[in-house]
Amino acid sequence: MASIGKYNTLPVVAITDNGAYLNANELGEILLPNRFVPENCQVGSEVKVFIYADTADRIVATTEKPLAEVDQFASLKVSQVNKMGAFLDWGLPKDLLVPYNQQHSPMEAGKYYLVRIFLDLKTDRLVASSKLDKFIDIWPAEYQKWDKVELTIATKTDLGFKAIINDLHWGLLYDNEIFKPLRTGKKITGYIKQVREDGRIDLSLTRPGEGKVNDFSDILLAHIAEHDGFSPLHDKSDPELIKRILGVSKKTFKATVGNLMKNGKITIEANGIRLKES
């Protein structure tokens, strides 16, 4: 079944002067305009497209990529506000509407807001809402400690950052465990640190022990490679300097350096770290 607001792989059933018509099952045959039709496309070909309503409210297909799909959270910029509500730039020619009754607080043009995209079942139109709590699962989460999850960073609090877990649940990242810049809307991998008795969830950006080292190894190697194979950071470097440049604690940095040296990836010199020639 083809879905509005999502990517679909659909067969071509006709080629016309206006473009290719795709079989979208219950949605009927929908147009992929000429400018999006791939080279050598013919009847019977399958094309991966995004389905949405264009500026004339016709259901159409496009190969352009929106910044988010239906049922996802995203930080989007308000392009204009009028009597219908706020309109968000989400990467497609037709902006995404946030009706006034879906605004947590009045939106202003030029500002970014974290929203949830959803399909209005009354109109079959894609809209967005900044009233995020209504989209968060009210049932207790069944995560296990150190489960790997996908996070959407939400708001800054006195304790750290609230984050949305797998587009389903709220969780919290504590300030003293954050070693990289975060911003509202950022998508990042995280881990379940604890599910409390009251249902609240504590999060971590790294796993303990060896997992943390493995998570950071590729980042450190890339950093050294980007600096002509040598980094002046070493075991006497200031912790704040390491945190500012690499986004991790000095403890994680030193553990990763030791692991990479043991595996023959780097050599340690008096004034820094050098990639080992392969």
Side-chain angles (χ1 to χ4, degrees), residues 5-6 65-79 81 85-92 95-120 126-207 212 215 243 247-249:
K6 289 185 176 292
K65 295 182 178 180
L67 298 177
E69 300 178 46
V70 71
D71 297 333
Q72 291 182 346
F73 295 91
S75 179
L76 302 175
K77 184 179 181 180
V78 176
S79 57
V81 176
F87 288 84
L88 307 177
D89 178 2
W90 65 318
L92 295 179
D95 287 344
L96 188 64
L97 173 66
V98 186
Y100 282 106
N101 64 0
Q102 293 295 334
Q103 296 179 29
H104 181 266
S105 58
M107 291 182 166
E108 300 177 34
K111 292 188 175 181
Y112 284 83
Y113 296 87
L114 186 62
V115 297
R116 167 84 169 212
I117 300 172
F118 68 99
L119 182 66
D120 185 335
L126 292 170
V127 291
S129 174
S130 61
K131 295 182 176 181
L132 306 183
D133 283 333
K134 64 190 285 188
F135 300 100
I136 300 299
D137 197 334
I138 62 173
W139 298 104
E142 297 183 356
Y143 301 112
Q144 300 299 312
K145 189 170 185 176
W146 303 122
D147 277 353
K148 186 177 182 179
V149 292
E150 296 303 315
L151 305 178
T152 303
I153 303 301
T155 55
K156 183 75 174 72
T157 73
D158 292 339
L159 297 176
F161 278 90
K162 288 181 68 177
I164 302 169
I165 307 166
N166 291 344
D167 289 330
L168 291 174
H169 301 100
W170 283 119
L172 182 65
L173 289 160
Y174 289 91
D175 270 334
N176 63 343
E177 297 181 4
I178 297 173
F179 298 104
K180 62 178 68 176
L182 297 180
R183 58 173 175 76
T184 297
K186 184 178 179 67
K187 305 285 186 179
I188 192 170
T189 297
Y191 302 90
I192 302 297
K193 185 176 181 181
Q194 178 182 207
V195 179
R196 297 178 177 269
E197 290 185 1
D198 61 4
R200 296 184 181 183
I201 303 172
D202 295 339
L203 300 167
S204 175
L205 295 181
T206 56
R207 294 176 300 216
K212 183 182 293 186
D215 286 342
K243 180 179 177 181
V248 298
S249 67

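Computed over heavy atoms, backbone and side chain alike; hydrogens, waters and symmetry mates excluded. Small disclaimer: the values here were computed from a predicted structure and weren't measured.
The closest donor-acceptor contact from the side chain of T184 to the backbone of A154 lies under 3.5 Å.
The pair D198-R196 fails the salt-bridge criterion, with no side-chain N (NZ, NE, NH1 or NH2) lying under 4.0 Å from an Asp/Glu carboxylate O.
More than 12 heavy atoms of other residues, nucleotides or ligands shown are found within 6.0 angstrom of NZ on K6. Counting non-hydrogen atoms of other residues, nucleotides and ligands closer than 6.0 Å to NZ of K134 gives a total above 12. Atom NZ of K187 has more than 12 neighbouring heavy atoms from other residues, nucleotides or ligands inside a 6.0 Å radius.
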_Evaluation steps, side-chain contact (heavy atoms from CB on, under 4.5 Å), between N166 and E150_ = CA-CA 5 Å; N166 291 344; E150 296 303 315; 3.8 Å; yes
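Side-chain contact between L114 and T155 is absent, with no heavy atoms from C-beta onward closer than 4.5 Å. Between R200 and L172, the closest side-chain pair of non-hydrogen atoms is not below 4.5 Å. Proximity of D71 to D167: side-chain heavy atoms (C-beta onward) are nowhere separated by under 4.5 Å. Two residues are said to be in side-chain contact when any heavy atoms from C-beta on lie closer than 4.5 Å; I165 and I192 meet this criterion. Side chains of Y112 and R183 form no contact here, defined as non-hydrogen atoms less than 4.5 Å apart.
Geometrically, K156 engages F161 in a cation-pi contact, judged by NZ or CZ lying under 6.0 Å from the ring centre and within 45° of the ring axis.
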